[in-house]
Structures are given as C-alpha cells and as structure tokens.
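Step one of this worksheet: look at the structure below.
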Amino acid sequence: MNSMADKYPNFEALARDERAGIDFSIQARSALPAFAIVAPHGGGIEPGTSEIADAIAAEDLSFYMFEGLKPAGNADLHITSTRFDEPLCLTLIRRSEIVLTIHGEESDTGDEIVFIGGLDDRLRRRVGTALRARDFITRKHPDPKLQGLEPENLCNRGRSGKGVQLELSLGARKRMFRSLTRKGRRFRTARFNAFVEAIREVAGN
C-alpha cells in the first residue's frame, strides 16, 4: 500500500481524468454474502494483488478489484483505503459480512512477509496461523497507517464492522509470479498457490 499522498481524493475525481477500460478497469462478482475478497490497488498499482484476490475468491466468494492498466504511472490511480469510494465496491462490501483486502507493500528483504491488520482479531489470528503453517512470515506493520485499524478502512466496512487487511511485501509477491510485470503475472508459482490455499482455508470455513 502506498503511504504517499494520493493524486486523487476520491473515485469521482479520478474518473474525471482517467479513462475506464484504458487507464483502469473494475471487476466484481457477487457470491455468498459472508466474505468479500477485495483488491482496491490491483494491476500496475500494487502488482500481483488483483491476481491473488481473484484466485482466493474463486467462484464461491464475492470479489472486487480495481486495476491500473497504464504502461507507466499507475501510482496515480491509488486511492487510500480510508477514502476508497468506487460505487460498485461500496455496494459489494455493504452486502458482505466480512471484507478481506489484499494490498502490496514495498518491503523487499527477500523474505515472504505478510503484514496482517484489520479490526477482526479472531480472523487475524486464524489467517496468521494458516500462513505460518505454509512458511510465510507474519507481522504487524510498523507503520500505524498500514495496520487497517481505522473504522473507515475498506476492510472494516462490511456488515460486521471489522475485517482483515493483508499487506504482502514486495519480496513475498516476487516469489508468487515469474515476475511482477503484466506478462510475468500470468505465470504463478507454488508460493502463489500456497498463499491462496491458506486464505481459502480460513475464508471457506
């Protein structure tokens, strides 16, 4: 997740300047109301997050992604989670009991670190246990702004009022794909599958 100031304060401002289908795309699937898997900074914004979220949701969980499609400059399309207000996303998460968001974080120590945040303590613990069982390192993010603790954070806007935010380090995401380029992200590794299985083990029960 980008902690720098956003170019756009909200989706309405972004949509005035950027072109749907050319600069960005939106996809959503509504399934069981219990869980929504959301990647608000997918495509070239935080590479790998939309592919991961899509695979976790599969056909039985609700899914939303906002993707940056630009050849360069996708960071301009980042709207921070406390202000993310794209209408289709808001409609989907209001119908969902729990929201789990997938983000990209820029730590690149080479370790597969997943920073777990959000207000749902129980679900956070279950996700952490499932990830550690597959040799991912789990931590609380040192930056309070990336801990997903604000009630207005996207992950906490489901019906329960508490969800989970996963910030995947750059090191973790690099190991999940051949590369983080658009072409490279078509080729997923065993670590991609291990991460998806861990989250589905929790979200599916």
Side-chain angles (χ1 to χ4, degrees), residues 1-3 28-42 45-46 48-58 60-66 78-84 86 89-90 92-107 112-169 172-173 176 191-205:
M1 181 187 285
N2 188 340
S3 59
R29 298 191 300 270
S30 185
L32 294 176
F35 248 100
I37 311 297
V38 175
H41 307 137
I45 307 171
E46 293 170 357
T49 58
S50 44
E51 291 86 356
I52 293 164
D54 193 7
I56 293 168
D60 55 334
L61 303 176
S62 292
F63 166 70
Y64 172 90
M65 70 176 179
F66 178 92
H78 183 282
I79 299 174
T80 195
S81 288
T82 53
R83 290 189 284 103
F84 194 89
E86 193 281 313
C89 182
L90 298 188
L92 185 76
I93 64 175
R94 283 173 186 148
R95 294 175 182 163
S96 303
E97 186 68 20
I98 298 169
V99 177
L100 187 147
T101 57
I102 304 291
H103 295 272
E105 193 268 356
E106 294 307 303
S107 298
E112 295 176 299
I113 303 172
V114 181
F115 298 97
I116 305 179
L119 289 175
D120 192 325
D121 294 339
R122 179 174 177 271
L123 186 59
R124 275 204 327 258
R125 289 194 296 270
R126 292 179 65 207
V127 167
T129 299
L131 287 172
R132 288 190 295 275
R134 290 163 174 83
D135 297 323
F136 289 95
I137 299 167
T138 64
R139 292 180 183 162
K140 180 179 180 179
H141 203 284
D143 183 347
K145 293 180 181 177
L146 300 184
Q147 293 174 4
L149 300 179
E150 309 92 343
E152 64 270 24
N153 186 291
L154 206 53
C155 74
N156 299 320
R157 285 194 252 166
R159 290 199 311 229
S160 70
K162 56 185 181 180
V164 167
Q165 172 177 286
L166 300 181
E167 294 270 359
L168 282 76
S169 69
R173 286 178 287 134
M176 293 184 186
R191 296 310 286 159
F192 176 96
N193 295 333
F195 183 86
V196 169
E197 287 167 6
I199 307 307
R200 280 194 59 81
E201 180 179 286
V202 176
N205 292 290

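The two residues V164 and C155 make their nearest non-hydrogen contact at O-CB, 3.5 Å. A39 approaches S50 most closely through the heavy-atom pair CB-CA, 3.9 Å. Closest heavy-atom contact between I199 and L166: CD1-CD1, 3.7 Å. Scanning both residues, I113 and R139, for their nearest heavy atoms gives CD1-NH1, 3.4 Å. The two atoms that bring P40 and S81 nearest to each other are CG-OG, 4.4 Å, heavy atoms only. Heavy-atom minimum distance, L92 versus S62: CD1-CB, 4.0 Å.
Screening D121, D120, V99 for a side-chain contact (heavy atoms from CB on, under 4.5 Å) with K162, the sole residue that qualifies is D120.
Here E97 contributes atom CD and F35 contributes atom CZ; the two are 10.0 Å apart, rounded to the nearest 0.5 Å. We find the CD1-CG distance between I102 and D54 to be 11.5 Å, quoted to the nearest 0.5 Å. Between Q147 atom CD and L119 atom CG the span is 11.0 Å, to the nearest 0.5 Å. We find the CZ-CD1 distance between F66 and I79 to be 6.0 Å, quoted to the nearest 0.5 Å. Annotation: the span from K145 atom NZ to E150 atom CD amounts to 10.0 Å, rounded to 0.5 Å. In this structure, CD1 in I93 is found 4.5 Å from CG in L154, a value given to the nearest 0.5 Å.
D60 and R200 are joined by a salt bridge, as a carboxylate oxygen and a charged side-chain nitrogen come within less than 4.0 angstrom of each other. A salt bridge does not link R173 to E51: none of the charged side-chain nitrogens sits closer than 4.0 Å to a carboxylate oxygen.
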Could you walk me through whether R157 and L90 satisfy the side chain to side chain contact (heavy atoms under 4.5 Å, CB included) test, starting with their C-alpha distance in whole Å, then the side-chain angles of each, then the deciding distance to 0.1 Å, before giving a yes or no?
CA-CA 8 Å; R157 285 194 252 166; L90 298 188; 3.4 Å; yes
Intermediate values then yes/no, side chain to side chain contact (heavy atoms under 4.5 Å, CB included), K140 and F115
CA-CA 5 Å; K140 180 179 180 179; F115 298 97; over 6 Å; no
Go through the steps to decide whether M65 and V38 satisfy the test side chain to side chain contact (heavy atoms under 4.5 Å, CB included), and finish with yes or no.
CA-CA 6 Å; M65 70 176 179; V38 175; over 6 Å; no
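With R29 contributing its side chain and F63 its backbone, the two residues share no donor-acceptor pair below 3.5 Å. Looking at N156, its side chain does come within 3.5 Å of a backbone N or O of G148 through a donor-acceptor pair. Checked by atom type and distance alone, the side chain of T80 never pairs as donor or acceptor with a backbone atom of R83 at under 3.5 Å. With R124 contributing its side chain and G118 its backbone, the two residues share a donor-acceptor pair below 3.5 Å. Panel note: side chain E86, backbone C89; a donor-acceptor pair is recorded below 3.5 Å.
Contact check for L123 versus V202: side-chain heavy atoms found under the 4.5 Å cut-off. Residues E167 and V114 form no side-chain contact, since every pair of their non-hydrogen atoms from C-beta on lies 4.5 Å or further apart.
The cationic group of R191 lies under 6.0 Å from the six-membered ring centre of F136 and within 45° of the ring axis, placing it in a cation-pi geometry.
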